[in-house]
Amino acid sequence: MRNRGFEWDVTFNHTAGDINYWVKANYTYARNTIEFQDEVNREFEYQYRTGQRYGQMFGLIADGFYNTWDEVNDAARPRSSFNGNKIQPGDIKYRDINGDGIIDVNDEVPIGYPRFPEKIFGFSIGGNYKGFDISVLFQGAANVSVSYSRHARYGFREDAGVAQYLVDYSWSEDRYEQGLPIDYPRLSEGDQVAAHNYRNSTFWIRDASYLRLKNVEVGYALNIHLLERLGLNRVRVFANGNNLLTWSKMLPGVDPETHVAGTNSEPYPATRTVNFGLNIQF
């Protein structure tokens, strides 16, 4: 495996009268390539792991939905080897990569980025003025993809129930005809593990790039002359918050920073916390 990349870190400090402030930024880019991997012989060149990034995901390429029975019954459509070719309107349409007229594992190609970000960055600003101080930290990542877990994909699975968002944004004839947003195939139940709609594909791979307001802290240190009368060296009151806002393209409630392996397990979500405090030094 070959790993190449670079990183930089820059800091700027400045004083203007009673105002002291600083700005910091960092950026890391790293790309790896598997130069050789002892792997089985594969029928198609595009399915080899050698030459890909470590952790590269493979799957089908989704081309929207079958929206009408005319599309489903079209004799020219590729036959699905999944779920017995029992296709209905609202099912995902896949691209026949090798052109053999059958959608199967031979049509799986590299999709998305690996789960390890190629780009990691952050920047922060802060300063102080006559006892007041503030600091703000942003962090983010790019060139990274996530495959949704099974509980985020399936309408019905064991006793997990149905998420309201999934119900509201699943394919239906009404939503299709009205041109409304559709984020899920039609609701269905049964052996979802082997079903046509739930194969690893670009439909379930999401860009996990994000920008997060990671931390904000505001404080105030009391006047030193007042402290001397009280026999204190320093008193500072402060408030801070962590994981305050996240901008990403993920489904609501899915943390883009958390590694998800596409299994049943669900990671603990990011928790927003707000703290208030008082520091007293004698």
Side-chain angles (χ1 to χ4, degrees), residues 57-99 101-113 145-210 247-256 260-266 269:
M57 291 179 278
F58 284 74
L60 302 170
I61 296 180
D63 274 337
F65 297 98
Y66 292 101
N67 292 303
T68 66
W69 281 108
D70 287 338
E71 292 180 78
V72 171
N73 296 325
D74 186 352
R77 79 160 173 86
R79 175 183 175 83
S80 174
S81 65
F82 311 113
N83 205 32
N85 195 37
K86 298 176 182 178
I87 303 300
Q88 296 184 33
D91 288 340
I92 299 174
K93 185 185 299 183
Y94 297 118
R95 191 176 303 174
D96 184 10
I97 297 298
N98 60 4
I102 300 174
I103 301 299
D104 57 17
V105 294
N106 290 324
D107 296 305
E108 294 182 350
V109 297
I111 54 177
Y113 286 96
S145 298
V146 166
S147 175
Y148 283 139
S149 71
R150 291 171 184 164
H151 283 308
R153 300 185 192 190
Y154 300 154
F156 300 88
R157 182 169 180 84
E158 299 168 353
D159 58 351
V162 183
Q164 187 62 46
Y165 186 89
L166 188 154
V167 173
D168 292 341
Y169 290 89
S170 289
W171 185 97
S172 69
E173 187 175 0
D174 288 342
R175 293 191 66 82
Y176 164 66
E177 291 178 348
Q178 296 178 46
L180 298 174
I182 298 174
D183 289 336
Y184 284 91
R186 64 183 176 87
L187 282 176
S188 58
E189 58 84 25
D191 186 9
Q192 305 289 17
V193 175
H196 172 92
N197 289 332
Y198 300 95
R199 307 296 304 179
N200 287 334
S201 74
T202 55
F203 189 89
W204 301 112
I205 297 296
R206 289 296 188 274
D207 178 1
S209 301
Y210 73 92
W247 295 271
S248 77
K249 300 177 182 178
M250 307 294 292
L251 288 172
V254 179
D255 181 9
V260 180
T263 61
N264 294 338
S265 61
E266 290 294 333

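One is the number of the first residue; the rest follow in order along the sequence.
- Between Tyr210 and Pro256, the shortest heavy-atom distance links the atoms CB-CG, 3.6 Å.
- In terms of the side-chain contact (heavy atoms from CB on, under 4.5 Å) criterion, residue partners of Asn200 (sequence neighbours excluded) are, by chain and number, Ser147, Arg153.
- No more than 12 heavy atoms of other residues, nucleotides or ligands lie within 6.0 Å of CD in Glu173, so this atom counts as exposed by the packing criterion.
- Of all non-hydrogen atoms in Ser80 and His196, the two that sit nearest each other are OG-ND1, 2.7 Å.
- Listed by chain and number, the residues in a ring pair (Phe, Tyr, Trp, His ring centres under 6.0 Å) with Phe58 amount to none (sequence neighbours excluded).
- In this structure, CZ in Arg175 is found 6.5 Å from CD1 in Ile182, a value given to the nearest 0.5 Å.
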Show your working on side chain to side chain contact (heavy atoms under 4.5 Å, CB included) between Trp204 and Ile92 and close with a plain yes or no. CA-CA 11 Å; Trp204 301 112; Ile92 299 174; 4.2 Å; yes
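- Separation of atoms CG (Leu60) and CD1 (Ile97) is listed at 8.5 Å; rounding is to 0.5 Å.
- Remark: Arg199 fails to qualify as a cation-pi partner of Tyr94 under the 6.0 Å distance and 45° angle criteria applied to the six-membered ring.
- One finds the CZ atom of Arg206 at 6.5 Å from the CG atom of Asp183 (value rounded to the nearest 0.5 Å).
- Thr202 contributes a side-chain N or O that, together with a main-chain N or O of Ala62, makes up a donor-acceptor pair within less than 3.5 Å.
- In this structure, a donor-acceptor pair under 3.5 Å is absent between the side chains of Ser172 and Asp174.
- The salt bridge (charged side-chain N to carboxylate O under 4.0 Å, His left out) search around Arg95 returns Asp63, not counting sequence neighbours.
- Within the 4.5 Å cutoff, no side-chain heavy atoms of Met57 are placed close to those of Tyr113.
- In this structure, CZ in Phe203 is found 10.0 Å from OH in Tyr148, a value given to the nearest 0.5 Å.
- Residues satisfying the side chain to side chain donor-acceptor pair (under 3.5 Å) test with Arg186, not counting sequence neighbours, are Asp91.
- Annotation: the span from Ile205 atom CD1 to Ser201 atom OG amounts to 7.5 Å, rounded to 0.5 Å.
- Under the side-chain contact (heavy atoms from CB on, under 4.5 Å) criterion, Glu71 pairs with Tyr66, Asn67, Thr68, Lys93, sequence neighbours left out.
- In terms of the side-chain contact (heavy atoms from CB on, under 4.5 Å) criterion, residue partners of Asn98 (sequence neighbours excluded) are, by chain and number, Phe44, Tyr46, Asp96, Asp100, Asn106, Asp107.
- Remark: Ile102 CD1 to Ser81 OG distance equals 7.5 Å, nearest 0.5 Å.
- What you find for Ala208 and Val146 is that their closest heavy atoms are CB-CG2, 3.4 Å.
- By the 4.5 Å heavy-atom criterion applied to side chains, Pro89 and Tyr176 are not counted as neighbours.
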